[in-house]
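Below: one structure, written as C-alpha coordinates.
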Amino acid sequence: MNAHVALAHEAFDAAEELRQFTVALADEGAIVSFVGRMRPTDADGSALSALVLEHYRGATLASIEAIVREAHERFLITASRTVHRVGAVAPGQGIVFVATAAAHRRAAFEAADFLMDQLKTRAVLWKREESGTGRRWVEPAASDHDDQARWDKR
Amino acid sequence: MTRQTVRVELCGKLADIAPAAITIDVPAGGMTARELLAAAGAAHPLLSGERIKVCVNEVVVDGNFAIGPGDTVALFPPVSGG
(Lines give C-alpha, C1' and ligand atoms only; values in the text may rest on other atoms or scores of the structure.)
Protein backbone atom coordinates (compact mmCIF):
# COMPACT_ATOMS: atom_id res chain seq x y z
CA MET A 1 0.00 0.00 0.00
CA ASN A 2 1.54 3.27 -1.13
CA ALA A 3 0.21 5.53 1.61
CA HIS A 4 1.87 8.37 3.45
CA VAL A 5 0.19 9.38 6.71
CA ALA A 6 1.55 12.06 9.01
CA LEU A 7 0.62 14.37 11.85
CA ALA A 8 1.93 17.91 11.37
CA HIS A 9 2.77 19.87 14.50
CA GLU A 10 3.47 23.02 12.46
CA ALA A 11 1.80 24.61 9.44
CA PHE A 12 2.16 22.54 6.27
CA ASP A 13 2.58 23.70 2.68
CA ALA A 14 -0.22 22.10 0.66
CA ALA A 15 1.47 22.81 -2.66
CA GLU A 16 4.64 21.12 -1.45
CA GLU A 17 2.63 18.14 -0.16
CA LEU A 18 1.00 17.77 -3.57
CA ARG A 19 4.37 18.08 -5.31
CA GLN A 20 5.91 15.36 -3.18
CA PHE A 21 2.89 13.14 -3.73
CA THR A 22 2.96 13.65 -7.49
CA VAL A 23 6.68 13.13 -8.11
CA ALA A 24 6.51 9.68 -6.49
CA LEU A 25 3.70 8.47 -8.76
CA ALA A 26 4.02 6.30 -11.83
CA ASP A 27 1.63 6.75 -14.74
CA GLU A 28 -1.71 7.21 -12.94
CA GLY A 29 -4.22 9.17 -14.97
CA ALA A 30 -5.97 10.87 -12.04
CA ILE A 31 -4.79 12.82 -9.01
CA VAL A 32 -7.24 14.41 -6.58
CA SER A 33 -6.23 16.63 -3.68
CA PHE A 34 -8.20 18.37 -0.95
CA VAL A 35 -7.15 20.94 1.62
CA GLY A 36 -9.33 21.73 4.61
CA ARG A 37 -8.52 25.18 5.99
CA MET A 38 -9.44 26.94 9.18
CA ARG A 39 -12.23 29.44 8.73
CA PRO A 40 -11.70 32.77 10.53
CA THR A 41 -15.17 32.74 12.12
CA ASP A 42 -17.31 30.26 14.04
CA ALA A 43 -20.79 29.07 13.04
CA ASP A 44 -22.30 32.29 14.40
CA GLY A 45 -19.88 34.52 12.51
CA SER A 46 -17.77 35.52 15.52
CA ALA A 47 -14.04 35.96 14.93
CA LEU A 48 -11.77 33.12 16.01
CA SER A 49 -8.11 33.39 16.94
CA ALA A 50 -7.23 29.70 16.67
CA LEU A 51 -8.49 26.18 16.26
CA VAL A 52 -6.67 23.83 18.62
CA LEU A 53 -6.51 20.13 17.71
CA GLU A 54 -5.65 17.88 20.61
CA HIS A 55 -4.41 14.37 19.92
CA TYR A 56 -3.72 11.35 22.11
CA ARG A 57 -0.42 9.45 22.01
CA GLY A 58 -0.21 6.88 19.22
CA ALA A 59 -3.98 6.46 19.01
CA THR A 60 -4.46 9.47 16.75
CA LEU A 61 -2.04 8.39 14.03
CA ALA A 62 -3.29 4.79 14.30
CA SER A 63 -6.89 5.93 13.80
CA ILE A 64 -5.96 7.85 10.65
CA GLU A 65 -3.89 4.94 9.33
CA ALA A 66 -6.89 2.63 9.80
CA ILE A 67 -9.09 4.98 7.77
CA VAL A 68 -6.48 5.21 5.00
CA ARG A 69 -6.15 1.42 4.93
CA GLU A 70 -9.91 1.14 4.44
CA ALA A 71 -9.79 3.62 1.58
CA HIS A 72 -7.12 1.58 -0.18
CA GLU A 73 -9.14 -1.61 0.28
CA ARG A 74 -12.33 -0.04 -0.92
CA PHE A 75 -11.31 2.04 -3.92
CA LEU A 76 -9.03 1.37 -6.86
CA ILE A 77 -6.43 3.92 -5.80
CA THR A 78 -2.72 3.34 -6.18
CA ALA A 79 -1.45 5.90 -3.69
CA SER A 80 -2.57 8.39 -1.06
CA ARG A 81 -1.09 11.12 1.10
CA THR A 82 -2.81 12.29 4.28
CA VAL A 83 -1.44 15.02 6.54
CA HIS A 84 -3.38 16.23 9.57
CA ARG A 85 -2.46 19.18 11.74
CA VAL A 86 -2.38 18.93 15.51
CA GLY A 87 -1.86 21.80 17.93
CA ALA A 88 -2.92 25.41 17.39
CA VAL A 89 -4.02 26.21 13.83
CA ALA A 90 -4.32 29.86 12.78
CA PRO A 91 -7.13 31.19 10.57
CA GLY A 92 -6.39 30.42 6.92
CA GLN A 93 -3.91 27.66 7.71
CA GLY A 94 -4.47 24.12 6.48
CA ILE A 95 -6.00 21.63 8.91
CA VAL A 96 -5.90 18.58 6.69
CA PHE A 97 -4.40 17.60 3.34
CA VAL A 98 -5.61 14.55 1.45
CA ALA A 99 -4.43 13.39 -1.96
CA THR A 100 -5.28 10.23 -3.90
CA ALA A 101 -4.14 8.81 -7.21
CA ALA A 102 -5.78 6.27 -9.48
CA ALA A 103 -5.80 5.12 -13.08
CA HIS A 104 -9.12 6.91 -13.58
CA ARG A 105 -10.72 9.88 -11.85
CA ARG A 106 -13.79 8.30 -10.18
CA ALA A 107 -11.83 6.18 -7.72
CA ALA A 108 -9.55 9.09 -6.85
CA PHE A 109 -12.49 11.46 -6.21
CA GLU A 110 -14.43 8.90 -4.20
CA ALA A 111 -11.47 7.84 -2.07
CA ALA A 112 -10.66 11.46 -1.18
CA ASP A 113 -14.32 12.09 -0.34
CA PHE A 114 -14.42 8.92 1.79
CA LEU A 115 -11.23 9.85 3.60
CA MET A 116 -12.56 13.26 4.57
CA ASP A 117 -15.94 11.93 5.73
CA GLN A 118 -14.24 9.32 7.89
CA LEU A 119 -11.64 11.72 9.32
CA LYS A 120 -14.44 14.05 10.43
CA THR A 121 -16.03 11.43 12.67
CA ARG A 122 -13.37 8.78 13.40
CA ALA A 123 -9.94 10.42 13.66
CA VAL A 124 -8.90 10.57 17.33
CA LEU A 125 -8.75 14.35 17.57
CA TRP A 126 -10.58 16.92 19.63
CA LYS A 127 -11.17 20.41 18.24
CA ARG A 128 -11.45 23.56 20.26
CA GLU A 129 -12.27 26.98 18.87
CA GLU A 130 -10.54 29.85 20.64
CA SER A 131 -11.57 33.48 20.48
CA GLY A 132 -10.94 36.63 22.42
CA THR A 133 -13.86 35.78 24.67
CA GLY A 134 -13.20 32.13 25.42
CA ARG A 135 -13.05 28.61 24.09
CA ARG A 136 -15.56 26.10 22.80
CA TRP A 137 -15.20 22.40 22.01
CA VAL A 138 -16.44 21.35 18.59
CA GLU A 139 -18.00 17.93 18.09
CA PRO A 140 -19.02 16.34 14.80
CA ALA A 141 -22.24 17.83 13.46
CA ALA A 142 -25.25 15.66 12.56
CA SER A 143 -24.37 16.36 8.93
CA ASP A 144 -20.89 14.91 9.51
CA HIS A 145 -22.44 11.67 10.76
CA ASP A 146 -24.81 11.66 7.77
CA ASP A 147 -21.83 12.13 5.46
CA GLN A 148 -20.04 9.19 7.07
CA ALA A 149 -23.18 7.01 6.92
CA ARG A 150 -23.41 7.51 3.15
CA TRP A 151 -20.56 5.03 2.79
CA ASP A 152 -22.25 2.34 4.92
CA LYS A 153 -24.97 1.70 2.37
CA ARG A 154 -22.67 0.91 -0.54
CA MET B 1 -2.26 -5.89 50.56
CA THR B 2 -1.40 -2.66 48.83
CA ARG B 3 -4.16 -0.73 47.16
CA GLN B 4 -4.04 -0.96 43.40
CA THR B 5 -5.00 1.94 41.21
CA VAL B 6 -5.01 2.92 37.60
CA ARG B 7 -4.35 6.41 36.34
CA VAL B 8 -6.94 7.55 33.81
CA GLU B 9 -6.07 10.36 31.42
CA LEU B 10 -8.90 12.65 30.34
CA CYS B 11 -8.97 13.86 26.75
CA GLY B 12 -10.55 16.80 24.97
CA LYS B 13 -13.34 18.54 26.84
CA LEU B 14 -13.24 15.96 29.63
CA ALA B 15 -10.03 17.59 30.84
CA ASP B 16 -12.02 20.81 31.34
CA ILE B 17 -14.59 19.29 33.69
CA ALA B 18 -12.12 17.30 35.80
CA PRO B 19 -8.33 17.30 36.23
CA ALA B 20 -6.17 16.10 33.32
CA ALA B 21 -6.00 12.71 35.00
CA ILE B 22 -7.87 10.90 37.75
CA THR B 23 -6.99 7.82 39.77
CA ILE B 24 -9.39 4.90 40.00
CA ASP B 25 -9.11 2.04 42.50
CA VAL B 26 -8.76 -1.38 40.89
CA PRO B 27 -10.25 -4.35 42.77
CA ALA B 28 -8.01 -7.37 43.33
CA GLY B 29 -9.76 -9.25 40.53
CA GLY B 30 -9.27 -6.42 38.04
CA MET B 31 -12.09 -4.51 36.41
CA THR B 32 -13.75 -4.16 33.03
CA ALA B 33 -13.77 -1.00 30.96
CA ARG B 34 -17.49 -0.67 31.77
CA GLU B 35 -16.77 -0.84 35.50
CA LEU B 36 -13.97 1.70 35.15
CA LEU B 37 -16.29 4.12 33.36
CA ALA B 38 -18.88 3.64 36.10
CA ALA B 39 -16.25 4.34 38.77
CA ALA B 40 -15.11 7.46 36.90
CA GLY B 41 -18.71 8.62 36.64
CA ALA B 42 -19.22 8.07 40.37
CA ALA B 43 -16.16 10.19 41.14
CA HIS B 44 -17.01 12.93 38.63
CA PRO B 45 -20.65 12.90 37.40
CA LEU B 46 -19.71 14.62 34.16
CA LEU B 47 -17.52 11.63 33.24
CA SER B 48 -20.53 9.36 32.82
CA GLY B 49 -22.46 8.81 29.64
CA GLU B 50 -22.51 6.37 26.79
CA ARG B 51 -20.74 8.74 24.43
CA ILE B 52 -17.49 8.38 26.37
CA LYS B 53 -15.14 5.67 25.13
CA VAL B 54 -12.44 3.88 27.07
CA CYS B 55 -8.97 3.65 25.53
CA VAL B 56 -6.51 1.09 26.92
CA ASN B 57 -2.89 1.09 25.79
CA GLU B 58 -3.79 3.40 22.88
CA VAL B 59 -6.67 1.26 21.56
CA VAL B 60 -10.38 1.96 22.07
CA VAL B 61 -11.89 -1.09 23.79
CA ASP B 62 -15.41 -2.38 24.42
CA GLY B 63 -17.09 -2.58 27.79
CA ASN B 64 -15.98 -6.11 28.59
CA PHE B 65 -12.26 -5.43 28.16
CA ALA B 66 -10.30 -6.35 31.32
CA ILE B 67 -8.17 -3.53 32.73
CA GLY B 68 -5.23 -4.06 35.07
CA PRO B 69 -3.14 -1.67 37.18
CA GLY B 70 -0.30 -1.49 34.64
CA ASP B 71 -2.48 -0.35 31.76
CA THR B 72 -2.41 3.11 30.21
CA VAL B 73 -6.03 4.21 30.29
CA ALA B 74 -7.76 7.26 28.84
CA LEU B 75 -11.34 8.45 28.42
CA PHE B 76 -12.35 9.83 25.02
CA PRO B 77 -15.30 12.17 24.42
CA PRO B 78 -16.65 12.15 20.82
CA VAL B 79 -13.79 12.69 18.37
CA SER B 80 -13.70 14.98 15.37
CA GLY B 81 -10.97 15.59 12.82
CA GLY B 82 -10.83 17.26 9.42
Side-chain angles (χ1 to χ4, degrees), chain A residues 5 7-8 34-39 51-68 82-86 89 94-98 112-129 134-145 147-148, chain B residues 5-24 26 31-34 36-37 39-41 43-82:
Chain A
V5 182
L7 297 180
F34 172 84
V35 183
R37 297 203 301 167
M38 189 204 156
R39 290 182 296 268
L51 179 73
V52 178
L53 290 130
E54 291 195 355
H55 72 290
Y56 178 73
R57 300 177 183 264
T60 301
L61 188 62
S63 69
I64 298 174
E65 287 171 341
I67 293 166
V68 169
T82 305
V83 178
H84 209 301
R85 272 299 307 275
V86 294
V89 179
I95 299 170
V96 59
F97 172 89
V98 163
D113 198 15
F114 172 88
L115 284 169
M116 284 309 306
D117 283 345
Q118 303 298 324
L119 287 169
K120 279 276 178 187
T121 49
R122 289 172 55 200
V124 175
L125 290 161
W126 298 279
K127 293 195 282 198
R128 190 174 76 224
E129 292 176 343
R135 47 196 265 180
R136 188 180 76 88
W137 291 95
V138 184
E139 292 189 358
S143 59
D144 293 327
H145 289 293
D147 287 342
Q148 191 211 346
Chain B
T5 60
V6 64
R7 183 170 177 274
V8 179
E9 295 170 281
L10 303 178
C11 295
K13 68 178 183 183
L14 301 182
D16 279 354
I17 56 185
I22 59 173
T23 301
I24 300 287
V26 180
M31 72 196 308
T32 64
R34 187 178 298 109
L36 177 124
L37 197 51
H44 297 271
L46 292 171
L47 295 181
S48 55
E50 59 192 32
R51 298 177 74 209
I52 297 177
K53 291 183 175 168
V54 180
C55 175
V56 181
N57 302 330
E58 303 189 10
V59 177
V60 173
V61 300
D62 68 24
N64 297 322
F65 189 91
I67 294 172
D71 288 329
T72 300
V73 181
L75 297 185
F76 288 0
V79 298
S80 177

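Labels below follow one simple rule: chain letters A, B, ... track the order of the sequence lines, proteins then strands, and each chain is numbered from 1.
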Could you tabulate the donor-acceptor pairs under 3.5 Å formed by side-chain atoms of residues 5-18 of chain B, not counting sequence neighbours?
residue	atom	partner	partner atom	Å
B:Glu9	OE1	A:Tyr56	OH	2.9
B:Glu9	OE1	A:Arg57	NE	3.2
B:Glu9	OE1	A:Arg57	NH2	3.1
B:Glu9	OE2	A:Arg57	NH2	3.1
B:Lys13	NZ	A:Glu139	OE2	2.7
B:Asp16	OD1	A:Arg135	NH2	2.9
B:Asp16	OD2	A:Arg135	NH2	3.3
B:Asp16	OD2	A:Trp137	NE1	2.6

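Atom CG in A:Leu7 sits 7.0 Å away from atom CG in A:Leu125 (nearest 0.5 Å). Rounding to the nearest 0.5 Å places CE of B:Met31 at 6.5 Å from CD1 of B:Ile24. To the nearest 0.5 Å, atom CG of residue B:Leu47 and atom CD1 of residue B:Ile22 are 5.0 Å apart. To the nearest 0.5 Å, the span separating OG1 on A:Thr121 from CG on A:Asp147 amounts to 8.5 Å.
The stretch residues 68-82 of chain B places B:Thr72, B:Val73, B:Ala74, B:Phe76, B:Pro77, B:Pro78, B:Val79, B:Ser80, B:Gly81, B:Gly82 near chain A, each with some heavy atom under 4.5 Å from a heavy atom of that chain. Residues of residues 55-63 of chain B having a heavy atom under 4.5 Å from any heavy atom of chain A, listed by number: B:Cys55, B:Glu58.
With a 4.5 angstrom heavy-atom cutoff, A:Val52 does not touch chain B via any of its atoms.
Note on A:Leu115, A:Leu119, A:Val96: by heavy-atom pairs under 4.5 Å with chain B, the leading option is A:Leu119. Of the listed residues A:Met116, A:Glu54, A:Lys127, the one with more heavy-atom pairs under 4.5 angstrom with chain B than any other is A:Lys127.
No donor-acceptor pair closer than 3.5 Å links the side chain of A:Thr82 to the backbone N or O of A:Val98.
Residue-environment remark: NZ (B:Lys53) stays at or below the threshold of 12 foreign heavy atoms within 6.0 Å. Taking a 6.0 Å sphere around CZ of A:Arg37, one finds it holds 12 or fewer heavy atoms contributed by other residues, nucleotides or ligands.
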- Message: Using side chain to side chain contact (heavy atoms under 4.5 Å, CB included), reason through A:Lys120 and A:Gln148 one step at a time and then give a plain yes or no.
- Response: CA-CA 8 Å; A:Lys120 279 276 178 187; A:Gln148 191 211 346; over 6 Å; no
- Message: Between A:His55 and A:Val124, is the side chain to side chain contact (heavy atoms under 4.5 Å, CB included) condition met? List the steps.
- Response: CA-CA 6 Å; A:His55 72 290; A:Val124 175; over 6 Å; no
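Annotation: salt bridge (Lys or Arg N to Asp or Glu O under 4.0 Å) contacts of A:Arg122 (sequence neighbours excluded): A:Glu70.
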